[in-house]
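Below is one structure; the comments refer to it alone.
Chain letters run A, B, ... following the sequence lines, proteins first and then strands; every chain starts at 1.
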Number of protein chains: 2
Amino acid sequence: MSSPKLPSPDADSPLSRREQITLVASRLFSERGYHATSMRDLAAELGMQGGSLYAHISGKEELLIEIVNRAARQFDAALFSLKTADIAPELKLREAMSRHVSVVAENMDSATVFFHEWKHLSAGPLASVIAWRDGIEHFYRDLIAEGVAAGVYRPELNIKMTATLVLSSVNWTYTWYRPGGTLSPQDVATSFEQMLVLGLGSAAAGRKD
Amino acid sequence: MSSPKLPSPDADSPLSRREQITLVASRLFSERGYHATSMRDLAAELGMQGGSLYAHISGKEELLIEIVNRAARQFDAALFSLKTADIAPELKLREAMSRHVSVVAENMDSATVFFHEWKHLSAGPLASVIAWRDGIEHFYRDLIAEGVAAGVYRPELNIKMTATLVLSSVNWTYTWYRPGGTLSPQDVATSFEQMLVLGLGSAAAGRKD
DNA sequence: CCTACCGATCGGTAGG
DNA sequence: CCTACCGATCGGTAGG
């Protein structure tokens, strides 16, 4: 019967010590940055001594790798089922953006670490993050190409630039979204998707139609 | 008559030693991050000893402050003249985005530091960056509100969300734009602005007009 | 701008 | 999970 110094956030959420460490590391890495967070800082927040961390982990980078990989897997789990989903093309993009923003919004800490600190990974893990980025980009390109083929998006669109624009909108949320606020992730995604698809311009202002 | 150990990049660009230091610091901070860059790393790239840097600067944070403040001033210089400029509303947003992307594209290093490392500033400089962010956001909100008032943008638009979407597209460029490539900053801005204003949707797909 | 150095702190380990 | 410690490195300074 151990007596944890730091109570778990909820009595009925028995996080393993290892998971607690990863969770606190996400918060500290996102707030202070990976290199600016010391193992002693991390240990202190968990109510232990610096050296004691190494009973649970092999090193500092292992934490970063785990945070980044988990984030990538969450995006994959949320999005890649849409690849083959039987949804109307005009709804697919909205659904993808909604899920994408949700992953960011529900994991602000690890999302911030994911977008900010991946550069500090060593060669192996770094390569897999870059590969992931490539995959997500092609996922969105395919979505848009599908929509163009189905006639719901304009045929003149530059697919690459369009995918970049969509990714800009959903990724950048990690810099400004506040989970406690009035906007749900769905609100954000729906609002962005509507503006993107309908356009900001008024019909009165010389749209060719 | 001094004899610089490190030749300036061009014979006819007599950068002061101080400016050289700031320039190299921008590159290293953007590549490795602020905390992961040591003063000795920086000194070595400049062909001097670690301690010698302090003949030119007062401390490490001074460099970060200067890089961040310069970037903010460049955005201001590029954009704020547009506030009162006598340009048609439908062209103002395009022009603003073009200038915004240009500042990022022509200063990829300091822009990256600006977006990534501002959190590590101490209270005073931090407050002024936050104030700057607020200012730029209101700048874009005003631009869009003007356009709505002039009838070029749809009146149903949520001004705040629209400004956020525009800022997402131009800010996120620091993560993917490559200055040597085929896309000029104007290409990027024009492409984004057209997609945003016209919308991705095809007229055929049930736009109400 | 260099040499030589300061105290502090880093990630990590040994042995319990 | 703790105590005690390792070598390395940090930002910065003194004195020239």
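In this view, T22(A) and E66(A) satisfy the side chain to side chain donor-acceptor pair (under 3.5 Å) rule, not counting sequence neighbours. Residues passing the side-chain contact (heavy atoms from CB on, under 4.5 Å) test with T112(A), sequence neighbours excluded: S30(A), H116(A), Y174(A), K119(B). With sequence neighbours left out, S26(B) forms a side-chain contact (heavy atoms from CB on, under 4.5 Å) with I67(B), D109(B), S110(B). Considering only residues two or more places apart in sequence or on other chains, E106(A) meets the side chain to side chain donor-acceptor pair (under 3.5 Å) condition with none of them.
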Pairing annotation in dot-bracket form, given for DNA chain C with Watson-Crick or G-U pairs under 3.5 Å and | for cross-strand partners: ||||||||||||||||
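Distance, Q49(A) CD to dG11(C) C1': 15 Å, rounded to whole Å. Residue L46(B) contributes atom CG, which lies 9 Å from atom P of dC1(C) at whole-angstrom precision. Residue H35(A) contributes atom NE2, which lies 9 Å from atom P of dG11(C) at whole-angstrom precision. Going from atom CG of L64(A) over to atom C1' of dG11(C) covers 15 Å, rounded to whole Å. Regarding E62(B), its CD atom lies at a distance of 15 Å from the P atom of dG11(D), rounded to whole Å. Taking atom CG of L53(A) as the reference point, atom C1' of dG11(C) lies 11 Å away to the nearest angstrom. The CG atom of D41(A) sits 11 Å away from the C1' atom of dC10(C) (whole-angstrom rounding). Put simply, CE on M48(A) is 4 Å from P on dC1(D), counting in whole angstrom units.
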Check residues 80-91 of chain A and write down every donor-acceptor pair under 3.5 Å in which the side-chain atom is one partner and the other belongs to a residue at least two apart or another chain.
| from | atom 1 | to | atom 2 | distance (Å) |
| --- | --- | --- | --- | --- |
| S81(A) | OG | R99(A) | NH1 | 3.2 |

Which atoms of nucleotides 12-16 of chain D (N or O only) lie under 3.5 Å from a protein N or O atom, and what are those distances?
| from | atom 1 | to | atom 2 | distance (Å) |
| --- | --- | --- | --- | --- |
| dG12(D) | OP2 | Y54(B) | OH | 2.8 |
| dG12(D) | OP2 | K60(B) | N | 2.8 |
| dG12(D) | O6 | R40(B) | NH2 | 3.3 |

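Among dC2(C), dC10(C), dC2(D), the nucleotide with an atom closest to any side-chain atom of S38(A) is dC10(C).
Aromatic rings of F115(A) and W172(A) (six-membered ring for Trp) have centroids beyond the 6.0 Å cut-off, not under it. Ring centroids of F114(B) and W132(B) are separated by less than 6.0 Å, placing the two rings close together.
Counting only residues at least two apart or on different chains, no side chain to side chain donor-acceptor pair (under 3.5 Å) pair has a member in residues 47-56 of chain B. Among pairs with a residue in residues 85-108 of chain B, those fulfilling ring-ring contact (aromatic ring centres under 6.0 Å, His included) read F75(B)-H100(B), H100(B)-Y140(B), at least two apart in sequence or across chains.
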